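The next block holds one structure in the form of structure tokens; read it before the comments.
The structure displayed is predicted, hence computed values, not measured ones.
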Amino acid sequence: MTLPPRHIEIVPVPPRTKDGDFLHLTLAGRCLAFWDGTPLPEDTTCFRVPRRHLAVPAAGLDTLAGTTADGDLAGLVADCLTVLAAETRRPGSAVAGHLARSAVDLLGVLVLELLQPHGDHRDAMLPRIRTFIEDHLDDPALSPEAIARAHHISVRYLHKLFQNDGTTVGRWIRRRRLDTCRHELDNRRVTVAAVAHRWGFTSPSHFSRTFRDAYGMSPREWQIRAR
């Protein structure tokens, strides 16, 4: 069975020359390694993953070549890849595609954790994510899942980025929306309902409750006070 190339593929052997489009992994038992061009034992399973799905600069991925991953997360990735390899041998497997997506998500988290000592990837990723949130504040469908998908990272890693910064994804979105609404309400010609709708709140009543919790007064009271 062939897996969707956009996720992960099992290949007979990695290419002899460097392929800048893919990251190549090897799995022997539970030993997970990043291939560096050396010969491999016969019992090794080889995988390749499109680099673009890992949201890491090529130079960072190149530093992993020849290293072996260990620890709980690496073991989890290895287990997922082992099950994935077994599923591909079953004709018509209904779960292989789901396993492939999960494997790439887990691998993305592993790669980012491994690269932190080589230059904190978080410092570059978090401002980019915040900019994305600012650009999509008016989208009611803005969610951790949508943000993670747009940046080719797992939801788990997205939450970790904001947790390390002392907040959560949901709180950050809510705070930025409320700040924007607060400034817009200073304009006497806008209505509370219009502001709520424009900035992604599901209903005026939900917006009013959230606004009061944050600022101690309703949006209407804020608007009157601003006048």
Fill in: Residue pair Phe47, Leu107: steps toward the side chain to side chain contact (heavy atoms under 4.5 Å, CB included) verdict
CA-CA 12 Å; Phe47 301 85; Leu107 179 61; over 6 Å; no

Item to complete: Output, in order, the C-alpha distance, side-chain angles, deciding distance and verdict of side chain to side chain contact (heavy atoms under 4.5 Å, CB included) for Leu32 and Leu110.
Response: CA-CA 11 Å; Leu32 180 67; Leu110 175 62; 3.8 Å; yes

Item to complete: Start with the C-alpha distance between Ile147 and His136, add both sets of side-chain angles, then the distance that settles side chain to side chain contact (heavy atoms under 4.5 Å, CB included), and finish with yes or no.
Response: CA-CA 10 Å; Ile147 297 168; His136 294 81; over 6 Å; no

Practice prompt. Please step through side chain to side chain contact (heavy atoms under 4.5 Å, CB included) for the pair Phe34 and Leu25, ending with a clear verdict.
Written response: CA-CA 5 Å; Phe34 297 90; Leu25 306 166; 3.4 Å; yes

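Taking a cutoff of 4.0 Å between a charged side-chain nitrogen and a carboxylate oxygen, Asp79 and Arg30 qualify as a salt bridge.
Cluster annotation: Val195 and Tyr215 are assigned to the same hydrophobic cluster (Ile/Leu/Val/Met/Phe/Trp/Tyr, side-chain heavy-atom contacts under 4.5 Å, transitive). Both Phe207 and Met217 belong to a common hydrophobic cluster when Ile, Leu, Val, Met, Phe, Trp and Tyr are linked at side-chain heavy-atom distances under 4.5 angstrom. Linking Ile, Leu, Val, Met, Phe, Trp and Tyr residues whenever their side-chain heavy atoms come within less than 4.5 Å leaves Val155 and Leu73 in two separate clusters.
Between the CG atom of Asp62 and the CZ atom of Arg51 there is a distance of 4.5 Å, given to the nearest 0.5 Å. Separating the CG atom in Leu61 from the CG atom in Leu23 is a distance of 5.5 Å, to the nearest 0.5 Å. Atom CG of Asp138 and atom CZ of Arg177 lie 8.0 Å apart (nearest 0.5 Å). Cys181 contributes atom SG, which lies 9.0 Å from atom CG of Leu137 (distance to the nearest 0.5 angstrom). To the nearest 0.5 Å, the span separating CG on Leu178 from CD1 on Ile173 amounts to 12.0 Å. To the nearest 0.5 Å, atoms OG1 (Thr180) and CD (Glu134) are separated by 6.0 Å.
The environment of NE2 in His197 is sparse: at most 12 heavy-atom neighbours from other residues, nucleotides or ligands sit within 6.0 Å. Within a 6.0 Å sphere centred on CG of Asp36, heavy atoms belonging to other residues, nucleotides or ligands number more than 12.
Between Trp222 and Phe211, the ring-plane angle classifies as perpendicular under the 30° and 60° cut-offs. Ring pair Phe162/Trp172 is tilted by interplanar angle, where 30° to 60° counts as tilted.
Across all non-hydrogen atoms, the minimal contact from Ala96 to Leu84 is O-CD1, 3.5 Å. Of all heavy-atom pairs spanning Cys31 and Thr68, the tightest one is SG-CG2, 3.7 Å. The minimum heavy-atom distance linking Ala196 with Pro204 is given by the pair CB-CA, 4.2 Å. Taking all atoms of both residues into account, the shortest heavy-atom contact from Gly108 to Leu54 is CA-CD2, 3.8 Å. Across all their heavy atoms, Ala28 and Thr44 have their closest contact at CB-OG1, 4.1 Å. Taking both residues in full, the closest heavy atoms of Thr82 and Gly29 are given as OG1-O, 4.1 Å, listed atom of the first, atom of the second, then distance.
Side-chain contact between Thr131 and Arg128: absent, with no pair of heavy atoms (C-beta onward) separated by less than 4.5 Å. At least one side-chain heavy atom of Phe132 sits less than 4.5 Å from a side-chain heavy atom of Leu142.
Residue pairs satisfying the salt bridge (charged side-chain N to carboxylate O under 4.0 Å, His left out) criterion with at least one member in residues 195-220, sequence neighbours excluded, are listed as follows: Glu184-Arg198, Arg212-Glu221.
Checking side-chain atoms of Glu87 against main-chain N and O of Ala100 turns up no donor-acceptor pair under 3.5 Å.
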